[in-house]
Amino acid sequence: MDELISKLLAVPEQLQTYFSQLSLSRLGDILVYQPNAPMLFSSGLFFFLFIGFLMIYMSLRKNTTARILYVTLFSLYFYYKSSGIWFLLLLFTATSDFIIGEAIGDARRLWLRKLLVTLSVGINLCVLGYFKYFNFLYSLVCELGNEIGYLIGNSTLQSLHYEKVDIFLPVGISFFTFQSMSYIIDIYRGRIHPLRRWLDYVFYVSFFPQLVAGPIVRARDFIPQMYKEPTVNRAQFGEGLFLILCGLFKKAVISDYISLNFVDRVFDAPLLYTGVENLIGVYGYALQIYCDFSGYSDMAIGIALLLGFRFNINFDSPYQSATITEFWRRWHISLSSWLKDYLYISLGGNRKGKFQQYLNLFITMLLGGLWHGASLRFVLWGALHGISLAIHKLLMSCFPSFKTVGSEMSWVHRVSGVLITFHLVCFGWIFFRADTMQIAGEVMSQILFHFHPEVLPQFITGYTGVCFLMLLGYLFHFMPKPVESAMQMVVTRSPLIIQVLMVVLAIFIVIQVKSAGVQPFIYFQF
C-alpha cells in the first residue's frame, strides 16, 4: 500500500520528465503504429490527442459533412494506432455492407433480400472466421484426418501435421463485425432505412469511442444522432467526465494493479499457492475483468458523451444479480442483447415450446462462448452459462417462487441468490481466465483439496495493496445507486476550475500508470 501511495506522489516529477524527453523525433515514433504499444484510452498519448481533437471538433459542429469527415479520419487513425495496416479491413467491412445494405433497401423481391442478407452475413463470418478460428479449424482437420487415416490405412492422411499459422488478430474485429451485421439485419427486417452516403456508414462503423471494445452500438440508436448539431451542456460534461474518471480508476488503478501483483501470478502457477489464495485469485479475476471491461465501456460512453453522442449503459453492477438471467441483463448488455436479438430470436426464441427454448438458450450461449475464442475453455464457459440459463427458466416455469430478478425477491432470497449467482459466475471465470484446461483443473484442485485457511492472515499482510484495492473495488461495485448518483452530481455541479483539476489529476494518474506498464484491455483480444 505504501508503495502504491509513493508512486502516486511521484507523478508531478515524472510528468516533467515525460515532457523533457518528448523530442520531435520521439514524437514521430509515437504517432506511428507500434505493435507492442497500441493506443489505449488509458494512455497519456490518447488524452493529449483527444484534447486537440475536441477543440477542432467543436469548431466544426455546425458543418455536418466536415464534422463527419473529420471524426471518420480521426477514428481510422485511432484504429491504425491499434492494429496498423488492418484499418483497411475495417474499410472493407464498411464498404461491403454499405453496398449490400443499399441493395437490400432497393430490392423488392423477398428472395433477393434474403440472398443479399445471407451474402453479407457470409462475408462477415468468413472474415471473422479466418482471423479468429482458422488455426482452430486447421488443427481439427489435421486431427480428424489422422484418425481417418489410421482407420482406412491411408499414410497420407496419417502424416498430416498441424503447425500453427501466425495470423494477426485485428483489435476489436468481433465488435465492428457484429455492429455491421446488425445494421444489415435491421435493414432486412425493415427496422431502419439504409444510409445513402458511404462516408456516413464508415463514420458509424469506425466511431472511435466504441470501435475496438464496444459497446456494440445499434444503427437505429446511433444514426439519428449523427446529423444533430453536437451540444454538450454542463450536466452532460459533468456526467461524461465522471464516467471517464470512474473508468480510468477501474482500469488503470484496480484492474491493472491486482492483475500484475497477484491474479496473473496465481493463474500462471496455481500449485505454488494454497487453495484460499487460489480462491482469492478467482475473486480477484472476477473483479479484474469487470473493472477492465466496464472501465473501458465507461470511458467510451463518457468520451462519446463529450462529443454529443449518448450510448446505452453496458454494465449495470452485474455481481449484484440474484439470478443468472439477471446477470446477463447486467453484464456486457450490448453483446447479450445482440445475441438475443440476432441469434436467439433467429433460432426461434421461445416461440416453439419449452424444450426448444432451452435448447436455443444453450446454443446461443455456446456460440457466445465460442465468440470469445476458439478453445474448449470458452466452449465450456458458454455451455455452463447456457445450461444455467435453461435450468433457471425451467425452475421459474415449475415453481412460481423462483423469480427473474432480485428486486422481485425478499431480502433473504435476494442475498442468497446473489451469493449463489456470484460463485457460479466465478466458477465460469476459472475456465475463461486459465490458459489451459490443466491450469483450470489445478486451480479447482487447490481450492477443493488444499485450502489451508490458516494462511489468510499472512496473505493479507503480504498483499496489503491487493487486498485493499479488491475490498475497495467490491465496495464500489455494491454501492447503492443513490450513492453513485450523488457522487456523479458532485462532479457535475463542481465549478469548471475544479473539473479541470480533475482532468489534470486523471492525466497525472495515466502517466504514472503508463510508466509502471499499462496492460492492454482484456477484451482487445476478442
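- Ring orientation note: the planes of Tyr204 and Tyr201 are tilted relative to one another, at an angle of 30° to 60°.
- Classified by interplanar angle (parallel below 30°, tilted 30° to 60°, perpendicular above 60°), the ring pair Phe311/Phe222 is tilted.
- Shown are Phe378, Phe427, Phe267; of these, the ring-ring contact (aromatic ring centres under 6.0 Å, His included) with Phe432 is made only by Phe378.
- Asn312 is linked by a side-chain contact (heavy atoms from CB on, under 4.5 Å) to Asp221, counting only residues two or more places apart in sequence or in another chain.
- Ser96 and Ile123 get closest at one heavy-atom pair: OG-CD1, 3.7 Å.
- The number of heavy atoms from other shown groups lying within 6.0 Å of OH (Tyr130) does not exceed 12.
- For residues 332-343, the pairs satisfying salt bridge (charged side-chain N to carboxylate O under 4.0 Å, His left out) are Arg218-Asp341, with sequence neighbours left out.
- The minimum heavy-atom distance between Arg351 and Ile345, with the atom names listed, is NH2-O, 3.3 Å.
- Looking at every heavy atom in both residues, Cys291 comes nearest to Ser255 through CB-CB, 4.0 Å.
- When the shell of 6.0 Å around CD of Gln356 is examined, it contains more than 12 heavy atoms from other residues, nucleotides or ligands.
- The heavy-atom pair separating Trp338 from Ser182 by the smallest distance is NE1-CB, 3.5 Å.
- A 4.5 Å side-chain heavy-atom check between Phe422 and Phe327 finds every atom pair outside the cut-off.
- Separation of atoms OG1 (Thr364) and CG (Leu347) is listed at 5.0 Å; rounding is to 0.5 Å.
- Under the rule for a side-chain contact (heavy atoms from CB on, under 4.5 Å), the partners of Thr436 that lie at least two apart in sequence or sit in another chain are Gln438, Ile439.
- Ring geometry for Tyr273 against Phe262 counts as perpendicular: the plane angle is over 60°, on a 0 to 90° scale with 30° as the lower cut.
- Between Ile301 and Ile313 the shortest heavy-atom distance is CD1-CA, 4.2 Å.
- The OG atom of Ser83 lies 11.5 Å from the NZ atom of Lys81; values are rounded to the nearest 0.5 Å.
- Looking at Cys246 and Phe242, their side chains come closer than 4.5 Å, going by heavy atoms from C-beta outward.
- Every side chain to side chain donor-acceptor pair (under 3.5 Å) that Thr274 has, sequence neighbours left out, goes to Glu277.
- Scored by the side chain to side chain donor-acceptor pair (under 3.5 Å) test, His193 finds no partners at all (sequence neighbours excluded).
- Side-chain contact between Pro318 and Tyr290: present, with at least one pair of heavy atoms (C-beta onward) separated by less than 4.5 Å.
- The residues Lys250 and Asp292 are annotated as not salt-bridged, no charged nitrogen and carboxylate oxygen being separated by less than 4.0 angstrom.
- Between Tyr257 and Val466 the shortest heavy-atom distance is CE2-N, 3.8 Å.
- Listed by chain and number, the residues in a side-chain contact (heavy atoms from CB on, under 4.5 Å) with Pro194 are Tyr183, Ile187, Arg196 (sequence neighbours excluded).
- The salt bridge (Lys or Arg N to Asp or Glu O under 4.0 Å) search around Arg189 returns none, not counting sequence neighbours.
- Scored by the ring-ring contact (aromatic ring centres under 6.0 Å, His included) test, Phe362 finds no partners at all (sequence neighbours excluded).
- For Phe315, the ring-ring contact (aromatic ring centres under 6.0 Å, His included) partners two or more places apart in sequence, or in a different chain, are Phe293, Trp331.
- Scanning for salt bridge (Lys or Arg N to Asp or Glu O under 4.0 Å) contacts around Glu239 gives Arg310, with sequence neighbours left out.
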Distance-only criterion, 3.5 Å: show the donor-acceptor pairs between side-chain atoms of residues 470-485 and protein atoms not counting sequence neighbours.
unit_1, atom_1, unit_2, atom_2, d
Tyr474, OH, Tyr283, O, 2.6
His477, NE2, Tyr319, N, 2.9
Lys481, NZ, Asp316, OD1, 2.8
Ser485, OG, Lys481, O, 3.1

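- Legend: residues meeting side-chain contact (heavy atoms from CB on, under 4.5 Å) with Leu306, ordered by chain and number and at least two apart, are Phe50, Phe237, Ile244.
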